[in-house]
Amino acid sequence: MITEFNDLKRKLLETEFNHLNDMQQKAVFTSKGHTLILAGAGSGKTTTVVNKIAYMIKYGNAYDPSSSLPKGVDENTLAYMRAFADGGMAPDDFIAEKIRHNPVKPYNILAFTFTNKAANEMKERIAAVAGAEAADMWIGTFHSICVKILRRNIDKFFGYNSNFVIYDTADAKTLVKTCIHQLGFNEKDYKPADVLGYIGSAKDKLMSPDDFLETADSYRLENIGRIFQLYQQKLREYNALDFDEIICLTVKLLTEYPDVREKLAGKFHYVLVDEYQDTNKAQYELISALASGHGNLCVVGDDDQSIYGWRGADIQNIIDFEDNYKNCTVIKLEQNYRSTSIILDAANEVIRNNTNRKDKKLWTSAPGGDKIALYERDDERDEANGIAADIEKLCLDEAQQYSDVAVLYRTHTQSRAIEDALIKNAIPYRIVGGLKFYDRKEIKDLVAYLKIIVNPADNISLKRIINVPKRGIGDSTVEKLEQLATEKGVSMLDAIADIDDGKTKTKLGSFYELYEKLKNFCSANLPSKAIDEIINELNLQEEYIKEGEIEAQTRMENLEELISVAAEYEEKDGITTVSEFLEYTTLMTDTDVTEEDDDNTVTLMTIHAAKGLEFTYVFLAGCEEEVFPKIVDEEDTESELEEERRLFYVALTRAKKKMTLSYANSRMMYGRTQYHFPSRFIDEIPARLVDKEVKEKAYTSGYSSSGFTMPDIYSKPSKPAQFKYNTMPKQSLKTDYKDKTSYSVGDKVSHVKFGVGTVAEVNASDAMTVLTIDFETCGRKNIVSKAVKPLE
DNA sequence: AATCAATGTTTTTTT
DNA sequence: AACATTGATT
């Protein structure tokens with residue numbers, strides 16, 4: 001009976017998961033021990049992981065053939081199961097209940113994802129399959145999981161308490177500067193960005209300042225080590241953590257406090273890591289510690305898509321996994337469901353040139369497809385115009401959706417030329433990444449107020465806003481205050497009480513009063529209210545107007561947007577305190593915010609940002625030596641080149657139907673024209689897969705330099721942002737262009753391509769204003785307001 | 001202390 | 001070319 005039960009069980013489960021291929025099913029049914037899932041691009045990785053977790057929650061180890069006959073299973077049950085199995089149907093609730101065996105409680109599952117967005121998506125999808133209790137899982141990025149752990153435990157480390165704030169890279173840089181100065185070095189010899197780089201990579205490797213000093217074999221490195229030491233000391237004094245420290249300190253916690261480790265490792269019966277190829281040493285140690293309790297560790301990744309080596313990711317983590325865990329199960333997902341075989345062949349051929357990789361080869365059952373298009377262009381503007389023309393052809397002539405198109409590039413700076421071309425052709429687009437909302441001055445200032453309110457020890461934030469808006473507290477005063485604080489061993493904020501110089505005392509005193517007032521309000525109110533109060537109390541609107549009318553409006557709009565963001569978190573995620581809000585905002589990146597899918601726009605982004613995404617049509621711009629592969633200096637190592645090649649591989653495998661490559665003979669870089677050869681990666685694609693277009697005409701010649709040119713002011717903010725433009729251009733003072741919101745029905749406008757027309761409809765959204773225009777020559781069209789010029 | 005012109009620096013990719 | 005930082009000037 002047990003044999004038949006197990007057979008039926010197996011059959012039924014295979015039925016339930018029969019939308020997965022054999023390898024995917026194997027991945028789903030393997031939950032014990034160490035497992036490596038090598039998931040190639042487009043191989044259905046996320047679906048597999050979602051089903052794997054759902055399976056654990058629903059059935060536990062039901063698939064384990066050695067399990068004994070569950071209670072309550074009798075001949076009737078078997079008959080019922082037989083009927084389902086013979087009918088080829090998935091088990092119903094009754095059977096599901098019978099074949100459950102040690103179901104896994106969601107709160108015993110820990111899953112790391114690369115982005116918050118991925119975490120949210122996965123959570124939702126698991127809940128859809130396994131039910132609402134899936135919400136009890138711990139799922140998030142390394143940083144958010146670690147912060148969660150640290151909030152409860154950080155006071156074990158002297159100096160820290162649970163109100164700690166997180167420093168972003170800019171804050172960290174400011175802190176490094178302070179340290180450099182305090183040690184009597186200057187910023188020319190020790191560039192803050194460089195020093196921060198050393199500190200960051202040390203932390204990726206879990207190196208302390210002392211470790212760093214031990215290996216320092218030059219005077220310069222020794223000094224950097226001292227800066228590192230001071231930096232760490234100050235972080236602690238300020239009750240602050242940088243991004244890397246979040247991970248390092250958690251590892252330290254788990255290492256130095258066995259009770260904490262045992263508790264957490266005991267809690268997490270199953271540990272799952274997505275994007276394992278992008279983990280670093282510190283994260284590796286973290287994973288090991290957390291999975292040490294039950295030994296059920298499943299890592300998912302693709303060594304060919306490891307593209308974060310520059311930030312410390314160690315590709316050897318995934319390459320050596322099999323060697324490190326001798327008894328592990330290895331499952332390869334090599335069937336690709338995304339791209340045509342032309343695209344896959346090209347990708348396979350390119351990546352074959354890498355030596356440091358796991359053997360595998362993507363394949364698809366879908367044969368053929370369009371060849372890869374390759375264009376040679378004059379310069380970056382010609383290239384951009386060519387891309388715009390192609391997109392126009394696709395979307396106007398062939399009725400494809402703009403949202404099916406992505407333009408990828410190696411570096412953000414390349415987006416400018418492309419934007420210009422898209423605007424000129426009235427193609428709607430959005431940019432992912434680039435200028436970030438939280439990097440804007442007015443936002444950073446406001447957030448600094450929040451930080452200092454939550455954590456009075458945060459001198460970096462205090463220094464940022466002590467004279468914002470201007471209140472006559474200058475550098476010398478701040479220096480004095482800082483010195484005094486160091487002497488007395490208190491925070492700068494507390495040191496205010498010890499200043500006795502008359503004039504300064506008054507100014508600082510009233511600042512302190514203001515601080516107290518804000519603090520009282522903000523600790524008793526919701527974040528959105530708090531932000532609103534600060535804006536009003538500081539009278540920011542008027543302050544901004546003092547500095548310039550035009551900027552004032554956009555700044556205020558950005559601040560309003562911050563209020564809505566806070567309100568949204570409050571409503572959606574149940575955020576109630578300023579502290580929680582800060583955590584969200586610092587750990588959330590632009591790509592994390594879920595897009596509304598309804599906006600039909602072309603997507604522009606870096607290849608890094610495109611990882612994990614797919615588009616029907618993909619354009620890759622700038623396929624030139626020096627640009628891509630990006631050559632930083634002469635002595636670029638082979639491993640760096642391999643990472644560039646993986647990046648190229650990632651770009652190719654984003655495309656479902658058609659891939660278009662282009663390179664420019666010359667390109668403006670660093671303010672000068674540079675000439676490059678076509679990328680070596682182009683040569684690595686077999687010629688039979690490529691259609692090299694003969695250069696018919698330079699797209700630039702038609703319509704750019706002569707006509708009016710768009711003022712280069714409209715950098716569209718990335719979506720999450722939903723934020724307004726950074727600062728309004730000074731140019732718009734001089735020129736006559738109307739503000740984006742100022743069009744109304746009946747206005748006469750001119751378009752560089754379509755000529756003169758009349759506005760028939762105005763559609764303003766957060767991101768852009770779309771005008772419906774009746775053109776004299778070509779009828780009604782929808783045009784982004786930026787692309788037209790008002791007449792009269 | 002605040003403002004403005006001159007100078008220097010940057011552009012890889014991001015949690 | 002665009003931007004941030006520095007130094008000189010008020």
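Just so it is clear: chains get the letters A, B, ... in the order the sequence lines come, proteins before strands, and each one is counted from 1.
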From the options [options], select the nucleotide whose nearest atom is closest to the side chain of [X].
X	options	answer
Arg416(A)	dT13(B), dT9(B), dA2(C)	dA2(C)
Asn467(A)	dT14(B), dT11(B), dA2(B)	dA2(B)
Trp310(A)	dT14(B), dT15(B), dA1(C)	dT14(B)
Arg311(A)	dT11(B), dT15(B), dT10(B)	dT15(B)
His412(A)	dT10(B), dT14(B), dA1(B)	dT14(B)
His608(A)	dT14(B), dT5(C), dA1(B)	dT14(B)
Tyr670(A)	dT14(B), dT11(B), dT15(B)	dT11(B)

Give the rounded distance in Å between these two atoms: [atom1] of [X] and [atom2] of [N].
X	N	atom1	atom2	result
Asp439(A)	dT14(B)	CG	P	12 Å
Asp204(A)	dT14(B)	CG	P	16 Å
Glu187(A)	dT10(B)	CD	C1'	15 Å
Leu196(A)	dT14(B)	CG	C1'	13 Å

Does a side-chain N or O of [X] approach OP1 or OP2 of [N] to a distance below 4.0 Å, or not?
X	N	value
Thr606(A)	dT14(B)	yes
Lys188(A)	dT6(C)	no
Lys470(A)	dT3(B)	yes
Thr586(A)	dT15(B)	no

Have a look at [X] and say if it touches a base, only the backbone sugar-phosphate, or nothing, with a 4.0 Å heavy-atom cut-off.
X	answer
Leu647(A)	nothing
Lys611(A)	nothing
Tyr308(A)	sugar-phosphate
Thr169(A)	base
Asp244(A)	nothing
Met669(A)	nothing
Thr411(A)	sugar-phosphate
Lys173(A)	nothing

Do NZ/NE/NH1/NH2 and the carboxylate oxygens of [X] and [Y] come within less than 4.0 Å?
X	Y	answer
Glu643(A)	Arg646(A)	yes
Asp420(A)	Arg381(A)	no
Glu543(A)	Lys470(A)	no
Lys444(A)	Asp168(A)	yes
Lys630(A)	Glu640(A)	no

In numerical order, the residues of residues 276-288 of chain A whose heavy atoms come under 4.0 Å of DNA chain B are none
Using a cut-off of 6.0 Å, state whether more than 12 heavy atoms not belonging to Asp475(A) lie near its atom CG. no
Closest-nucleotide ordering on DNA chain B, the 5'-leading residue of Ser144(A) and Asp475(A): Asp475(A)
What orientation do Phe142(A) and Phe112(A) show, parallel under 30°, tilted 30 to 60°, or perpendicular over 60°? parallel
How are the rings of Phe185(A) and Tyr190(A) set relative to one another: parallel (under 30°), tilted (30 to 60°) or perpendicular (over 60°)? tilted
